[in-house]
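All values below come from the heavy atoms of this structure, side chains included, with hydrogens, waters and symmetry mates left out. For ligands, and for the atoms within them, numbers begin at 1 and follow the listed sequence.
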Amino acid sequence: MTDRHTTATVRGPADDGEVAAFWSSLGLPGAIDLHVHFMPERVLHKVWAFFDDADLPDGMRWPIAYRDDEAARIARLRDLGVRRFGALAYAHRPGMAVWLNDWLADFAARVPEALHCATFHAEPEADAYVADALEAGAQLCKVHLQVGGFDPRDPVLRPVWTRLADTGTPVIVHAGSGPQAGRHTGPDIFAEVLDAHPELVAVIAHMGLPEYDAFLDLALRHANVHLDTTMAFTEFTSRIAPYPPGLLPRLGEHADRVVLGSDFPNIPYPYAHQIDALARLGLGADWLRQVCWHNPARLVGR
Ligand SMILES: [Zn+2]
């Protein structure tokens, strides 16, 4: 039985109530979603306020689908069969990463499904506090080049990238220029980081939206670079930055480079829609199994 035979037949979940059964239908114990956000409540509320007022084309709105308290959001992920998730936060300015990292360490200690995440900014202390976070058990990092507004080539970050590469710690990087471009976003800039640190286990968030093509090329030039599915392929994102259908065959061939991400809870549609959008790519059950479980499990060492 090859996957080719089942390619057309994978039916995605129609609503959140069907998501857990969808994993079972694939023979999976659930999903591992590397791109989920948990952060201190007042920071999260600021993020939600930002999306409430987001400047989107064609009068589009960004209504947060899971505007619930923390306990309800954790319970929702359990109901969705998300067995492990990257609990990500990111520093939007210097001087706040240690505080966020402390919060994230505590969160991972009290929520069994949470992967222990850390973040950093381009600042002289970064290498020392990243070392501390790894020592404390951090399993992955997240940085956002547009919101953070820093250059990933900043010399103060060289020891950080080296440390992450040497320890095989995955780092999720919002490096694409969508939905908003920054001075340091785009494939050419991050390519220089990868040229200097070819072993880095980088996960390009949102498939590199909107520079899908260039980030796919970049991933395939570096053995340890992956792409996360966060918000890609959904109806919402397709209105802003549709995924080029011509790239799908290569995406199908390189299933090992794609990992599930969702941006829960900050999404303007139900979680099921992200999963259904992946099923609708028509890349087959085996592709979905790799993306939604085996690849993220490999990256975080489970
Ligand atoms: Zn995100």
Where the side chain of E113 meets the backbone of A108, is there a donor-acceptor pair that is under 3.5 Å apart?
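Flag not set: sc E113 to bb A108 has no pair under 3.5 Å.
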Euclidean distance, W62 CH2 relative to F236 CZ, rounded to 0.5 Å:
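One finds 5.0 Å between CZ of F236 and CH2 of W62.
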Under 3.5 Å, is there a donor-acceptor pair between the D276 and Y269 side chains?
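The criterion, which ignores hydrogens and geometry beyond distance, is not satisfied for Y269 and D276.
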Checking side-chain polar atoms at under 3.5 Å, does N266 have a donor or acceptor matched by the opposite partner on H37?
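No donor-acceptor contact under 3.5 Å links the two side chains.
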With the Zn ion (ligand 1) as the point of reference, which N/O/S atom of D263 is the closest?
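Minimum-distance N/O/S atom of D263 relative to the Zn ion (ligand 1) is OD1.
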Answer yes or no as to whether an N/O/S atom of H37 is found below 2.8 Å from the Zn ion (ligand 1).
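Under 2.8 Å: H37 contacts the Zn ion (ligand 1) through an N, O or S atom.
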Contact flag H174/the Zn ion (ligand 1), N/O/S atoms, threshold under 2.8 Å
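False for H174.
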